[in-house]
Amino acid sequence: METISTFAKKLWCVKKQFILVLTPLILLPLLFGLPEKEGKCLYVVLLMAVFWCTEALPLAVTAMLPVCLFPTMGILPSKKVCPQYFLDTNFLFLSGLVMASAIEEWGLHRRIALKVLKIVGVKPAWLILGMMITSAFLSMWLSNTATTAMMLPIANAILESLFGDLATLKENCKVKEETEGELLCRVSPTVPHTSSEKMKTYTIDYTLIFYKSEYQMKVWKGFLICIPYAASIGGTATLTGTAPNLILIGQLKSYFPECDLINFGSWFAFAFPLMVLFLILAWLWISFLYGGLNTRYAEKKAEVVIDEDYRKLGPINFAEGSIAFFFILFAVLLFTRDPKFVTGWSTFFNKGYVSDATTGVIIVSILFFFPSQKPSLSWWFDSRASNTPYVPLLSWKKAQECVPWNIILLLGGGFAMAKGCEESGLAAWIGAYLQPIAQVPPAVAVMFITAFLACFTEFASNTATIIIFLPVIAELAMFVKVNPLYFMIPATTGCSFAFMLPVSTPPNSIAFASGHLLVKDMVKTGFVMNILGILSVSLAMNTWGRAMFSLETYPDWARPVNMSSTVTDIQFPSDSPFNLTSLP
């Protein structure tokens, strides 16, 4: 028995090596049992999917496999694969990351966070709302992980000022029912046990201490759990907020080059109201579950802590003001380039020449030479003034340290995989086997797709999840003659709704690592959060989303000329829910 246990432990230590060796062998039948090109592409896709889900290789290394496998297996030439790793979508993502690193460099994000908390008030429910609003807003521009890592210390400082030492709080919550003698020994060992009146008094006092501590512990958990959840929700509101959004726009350009409906402005117009709706529902649920709606206890101490932290920041300096200006300019220019509902400034240039990536790179380039200290004309004439070189708002060294280059490679790997699926005909081949789904009403299909991907991404990277499934979902939409955006947008947002497990997202892991949350806390809270997210997405797609993107019609841009007739010419019966006339 001991030998088996020892062998199992050693086997577990080399599990990744076993996956690397066995997975290619297990998938070999695909190369011989399917059409040649489709089989080879499916082999690579499933191989990458297993490596991504198990992290047998680093995510970025797995993302580079198409560079060697697609050309050598005859799926796609190298000159078509390699450019996928730095499309203009990657430049948009890079510019967002560089802007975020400049904000973090000068502490503007902390000033924003404390200011919002000062505005919303200090009652538990309002503080939770303030934490969620701040986390969501920052996550629209910074990474979800950086936002969570920055907000958790602020939350802990406020909580310690409100409720005191956490260890004492946990101790008071441990025992709910004790005998009267044990209770007296804990509360006041010097009190004679024969004094029934005093015994009763101390019993009542300690019971009150327990219930108060239990309530405070619940509020503490609510504070900690709301931050990673709000960060995940906030990232959905902008294209640069989270990687799946960028993968959507990249794969849209690959599959449907004529589709120009999704850009920074149009996505924000659709996703921001969805984010606000979901954030409000999440706030109500978390506040209800963790006692935040109760206002029995005073919160003046929290106000003092917030005011003191904000005072320590001092007045806003030239560098912070400059970063704030360029940040606002960055957002405004991206939003107004081509918002679809009004004429954007891109009409002043050749049509199709200026993209969101162009805007982003222009603004962040300025950060590398704009001074961080206010220029002074008198400096030129003051011989006693320091002659040290001026410091720009952002150095390249700082940008290199802050930019997660592995995510950029991961995006590129997703675009390369999508290109391979398209060129090899794999996506169309898979779509041809999805005919039973044609009997499902589109609105139900949207909920199913969102729910499935929200569950799948609990166990796998959201970026890897959307890379794997988005080509299939695009092909499914074309197969059943539904506007592809009607399926692809819910799939993309659903990948950000991973709330149930600590391993689901880095923000969840950071909050869980604090040691104050249990897995059951996240499962209990996250299960309802997933349901609220699915319902919110379904509502958005069938109301303002349908009006914005004309989702009730099958667009001309979704009819690629290279599509095989077996897919494009499929006819549905008049009573099929996927017939165009069946869409309400």
Looking at [atom1] of [X] and [atom2] of [Y], how far apart are the two atoms once the value is rounded to the nearest 0.5 Å?
X      : Y      : atom1 : atom2 : answer
Phe51  : Leu46  : CZ    : CG    : 11.5 Å
Leu394 : Phe326 : CG    : CZ    : 12.0 Å
Glu258 : Lys253 : CD    : NZ    : 13.0 Å
Lys374 : Phe318 : NZ    : CZ    : 7.5 Å
Leu470 : Leu476 : CG    : CG    : 11.5 Å
Leu108 : Ile316 : CG    : CD1   : 6.5 Å

Side chains of [X] and [Y]: does their closest heavy-atom pair fall under 4.5 Å?
X      : Y      : answer
Ser536 : Leu274 : yes
Thr147 : His109 : no
Trp283 : Met131 : no
Leu261 : Ser266 : no
Cys68  : Ser78  : no
Trp52  : Thr465 : no
Trp557 : Asn483 : yes
Thr54  : Lys15  : no

Any donor-acceptor pair under 3.5 Å from [X] side chain to [Y] backbone:
X      : Y      : value
Thr238 : Met140 : yes
Ser365 : Val361 : yes
Asn317 : Glu320 : yes
Tyr229 : Ile286 : no
Ser550 : Arg546 : no
Thr493 : Ile489 : yes
Arg337 : Val354 : yes
Ser95  : Val364 : no
Ser101 : Val98  : yes
Trp106 : Ser372 : no

Partner residues of [X] under the ring pair (Phe, Tyr, Trp, His ring centres under 6.0 Å) criterion, sequence neighbours left out:
X      : value
Phe91  : Phe86
Phe368 : Trp396
Tyr310 : none
Phe452 : Phe469

Can you give me the closest heavy-atom contact between [X] and [Y], atom names plus distance?
X      : Y      : result
Ile75  : Gly420 : CG2-O, 4.4 Å
Ile233 : Met275 : O-CG, 3.5 Å
Val446 : Thr450 : O-OG1, 2.8 Å
Tyr255 : Glu475 : CE2-OE1, 4.1 Å
Met488 : Leu248 : CB-CD1, 3.8 Å
Pro71  : Pro66  : CD-O, 3.3 Å

Check the pair Ile227, Thr134 against side chain to side chain contact (heavy atoms under 4.5 Å, CB included), reporting the backbone distance first and the verdict last. CA-CA 9 Å; Ile227 291 171; Thr134 307; over 6 Å; no
Name the orientation class of the two ring planes belonging to Phe278 and Phe497 (parallel below 30°, tilted from 30 to 60°, perpendicular beyond 60°).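 Answer is perpendicular, since the angle exceeds 60°.
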Between Trp345 and Phe349, how do the two ring planes meet: parallel, tilted or perpendicular, split at 30° and 60°?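 Rings of Trp345 and Phe349: perpendicular, as their planes differ by over 60°.
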Decide whether Glu458 and Asn530 meet the rule of one side-chain donor and one side-chain acceptor closer than 3.5 Å.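 Checked: Glu458/Asn530 side chains pair up, N/O donor to acceptor below 3.5 Å.
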Can a side-chain donor-acceptor contact be found between Asn144 and Ser139 if the only test is distance below 3.5 angstrom?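 Result is yes, a qualifying pair exists.
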Measuring centre to centre across the rings, with the benzene-like ring taken for any Trp, is Tyr486 within less than 6.0 Å of Phe549?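 Judged by ring-centre distance (under 6.0 Å), Tyr486 and Phe549 do not meet the cut-off.
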Only pairs at least two apart or in different chains count here, so list each salt bridge (Lys or Arg N to Asp or Glu O under 4.0 Å) that has a residue in residues 234-243.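 Applying salt bridge (Lys or Arg N to Asp or Glu O under 4.0 Å) to every pair that reaches into residues 234-243, excluding sequence neighbours, yields nothing.
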Suppose we screen for side chain to side chain donor-acceptor pair (under 3.5 Å). Which residues come up paired with Lys80, at least two apart in sequence or across chains?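 Scan of Lys80 (side chain to side chain donor-acceptor pair (under 3.5 Å), adjacent residues dropped) gives none.
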Could you check Leu65 against Val44 for side chain to side chain contact (heavy atoms under 4.5 Å, CB included), going step by step and ending with a plain yes or no? CA-CA 8 Å; Leu65 289 181; Val44 176; 5.6 Å; no
Between Phe415 and Tyr85, is a side chain to side chain contact (heavy atoms under 4.5 Å, CB included) present by the stated rule, with each step listed? CA-CA 7 Å; Phe415 298 149; Tyr85 285 81; over 6 Å; no
Are there more than 12 heavy atoms of other residues, nucleotides or ligands under 6.0 Å from atom CD of Gln400?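 Atom CD in Gln400 is crowded, with more than 12 foreign heavy atoms closer than 6.0 Å.
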For the pair Met541 and Phe270, evaluate side chain to side chain contact (heavy atoms under 4.5 Å, CB included) and give the outcome as yes or no after the intermediate values. CA-CA 9 Å; Met541 292 304 299; Phe270 165 77; 3.6 Å; yes
